[in-house]
Amino acid sequence: MADPKGFMSTPREEWPRRPVEERVRDWNEVYVPGALLPIISRQANRCMDCGIPFCHEACPLGNLIPEWNGLVSREDWRAAADRLHATNNFPEFTGRLCPAPCEAGCVLAINQPAVTIKNVEVAIADRAWQEGFAQPRPPERLSGRTVAVVGSGPAGLAAAQQLTRAGHTVAVYERADRIGGLLRYGIPAFKMEKRHLDRRLGQMRAEGTKFRTSTAIGRDIGAVELRARYDAVVIATGATAWRELDVPGRELAGIHQAMVYLPLADRVCEGDLEVSPLSAAGKHVVIVGGGDTGADCLGTAVREGAASVTQLDIYPQPEPGRNEDTEPWPTYPKIYRLSAAHEEARDLRTAPAADADARLFATSTLSFTGDAEGHVRALHLTEVDERRRPVSGTGRTLPADLVLLALGFSGPDREDGLIDQLGIALDPRGTIARDEDFSTNVPGVYAAGDAARGQSLIVWAIAEGRAVAAAVDRRLTGSASRLPAPIGPYDRPMTA
């Protein structure tokens, strides 16, 4: 700890966002470029270097947060980058996309604003690239063993990088035309510009990882054939089987899943399309679902020029602060948070009838109605009580030319045939069943990330990728692995 009184003398200060009117006219990241480094050393100085740092427990990666906070406070960026990369393959991703459960577990957060851990993390990651500290780390020798990783999201990429660095020959298979999974086609560019992803992929290629795009395992290559080609297979396809909304009028045109809508906007940013075929321009948009995917749709629709955008959340509006009785420190609390997209919607008044920013809380969709051509034109909703039961007399109608369903995901997509061709067992939730070594019921086949854990955070996906890599390395070498295993397959976030 550089300054024993830093947490008392320095207030919390976050990376400032660009003005709303400016940032909604482009797809660049929402933060002011270059505005983080001038404040970050002082912010790192707020870390108390706790004897028992609960931020470690709150983060599944086991990030050495007090260590790199102290190094940043002294502006020792090289050492800070080394400590950060010791536990996290992709800190420039998590520093932008993770909701920071580590900050909820910060000891300072018991009675003060937490240390800006997420901002410190991204500052270190970006400085590491600027200063050349993130060089490729190819293995000194090859093991002669081969591994196929199916899926190129954060879990698959983390597993691939770890296994490549251990000396195994790794090929990553991705059914889309570009590597990255939801990091590529799902996360909007205003949350993370794709240059960060491309830069990391360049590092992985230089280390020896091979990438195979536009290849769906089970369709383009048989799953049994793939297993026969490699010494081990890691399934990291994510939980992409989306949940449906079974209400009258669902068949109308203009009602789409969020993960059909968002990738098209990403393709516009990639230069593949001039305009998205599902563009919200000039339309009244309603987003069904109150989570992060819904917020991503919100920010995207605002940038596309929607006439109005409203987001429906079946849960009641959260309180502004932690409820110590139900969600005590250091658990991650459900509180009212204002994302960049919600801030934009609030300031631009995209949904005049909303309870807060663009959201209608404690509401449920009853039905849709459309015009003579069969296109949706209205969404009918009702308020619900704490048990999600309709409240009599609270029915309302919202204009809706475009409806986006952001209701979460139930498990891995089985359409390509990967799971069924191999005969992989699923658990009662519909996710891939595995043992304490991340192994499926098929010898030599492992599962990691949301495909087995279920829908979760990016830090859990990277932790799963690192842990499954250690399990695969143990099997391939027949001895203890030097690769870290930060979590087990049955570990879960802290709860009260």
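Basis for what follows: all heavy atoms, side chains included, without hydrogens, waters or symmetry-related copies. Since the model is a prediction, treat every value here as computed from it, not as a measurement. If you read the sequence from its start, that first residue is 1, and numbering goes on from there.
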query = What pairs of residues pass the ring pair (Phe, Tyr, Trp, His ring centres under 6.0 Å) test when at least one of them lies in residues 180-201, not counting sequence neighbours?
reply = none
Please determine if [X] and [Y] form a salt bridge, counting it only when a charged side-chain N lies under 4.0 Å from a carboxylate O.
{"X": "Glu244", "Y": "Arg250", "answer": "yes"}
{"X": "Glu415", "Y": "Arg175", "answer": "no"}
{"X": "Arg337", "Y": "Asp292", "answer": "no"}
{"X": "Glu193", "Y": "Arg96", "answer": "no"}

Donor-acceptor pair, [X] side chain versus [Y] backbone, under 3.5 Å?
{"X": "Glu327", "Y": "Arg322", "value": "no"}
{"X": "Glu373", "Y": "His375", "value": "no"}
{"X": "Gln421", "Y": "Ala223", "value": "yes"}
{"X": "Arg184", "Y": "Pro263", "value": "no"}
{"X": "Asp427", "Y": "Gly430", "value": "yes"}
{"X": "Thr350", "Y": "Val309", "value": "yes"}
{"X": "Arg23", "Y": "Val30", "value": "no"}

Could you check whether [Y] and [X], counting side-chain N and O atoms only, form a donor-acceptor pair closer than 3.5 Å?
{"X": "His284", "Y": "Ser308", "value": "yes"}
{"X": "Ser364", "Y": "Thr382", "value": "no"}
{"X": "Thr394", "Y": "Glu383", "value": "no"}

How close do [X] and [Y] get, counting heavy atoms only, and between which atoms?
{"X": "Thr116", "Y": "Glu103", "value": "C-OE2, 3.6 Å"}
{"X": "Val172", "Y": "Ser152", "value": "CG1-CB, 3.8 Å"}
{"X": "Leu264", "Y": "Ser276", "value": "CB-OG, 3.4 Å"}

request  = Only counting residues at least two apart or in another chain, list the ones meeting ring pair (Phe, Tyr, Trp, His ring centres under 6.0 Å) with Trp329.
outcome  = Phe54
request  = Name all residues meeting the ring pair (Phe, Tyr, Trp, His ring centres under 6.0 Å) criterion together with Trp15; count only those two or more places apart in sequence or in a different chain, and write none if there are none.
outcome  = Tyr31
remark   = Paired with Arg178, the salt bridge (Lys or Arg N to Asp or Glu O under 4.0 Å) test is passed by just one of Asp266, Asp272, Asp198, namely Asp272
key: Residue pairs passing the side-chain hydrogen bond (donor to acceptor under 3.5 Å, both in side chains) test where at least one lies in residues 212-225, sequence neighbours excluded   = Arg219-Asp416, Glu225-Arg229
task = Using a 4.5 Å cut-off on heavy atoms from C-beta on, say whether the side chain of Arg359 contacts that of Leu298.
result = no
ask   = Are any of the side-chain heavy atoms of Tyr261 and Thr300 separated by less than 4.5 Å?
value = yes
task = Determine which pairs satisfy salt bridge (Lys or Arg N to Asp or Glu O under 4.0 Å) with at least one residue from residues 300-310, sequence neighbours left out, and list them in order.
result = Arg303-Glu344
CA sep, side-chain torsions, deciding dist, call: Leu197, Leu157, side-chain contact (heavy atoms from CB on, under 4.5 Å) = CA-CA 11 Å; Leu197 174 59; Leu157 292 179; 4.3 Å; yes
key: For Tyr230, all residues meeting side chain to side chain donor-acceptor pair (under 3.5 Å), sequence neighbours excluded   = Tyr173
key: Criterion side chain to side chain contact (heavy atoms under 4.5 Å, CB included) against Asn441, the qualifying member of Ile432, Ile424, Leu426, Asp435   = Ile424
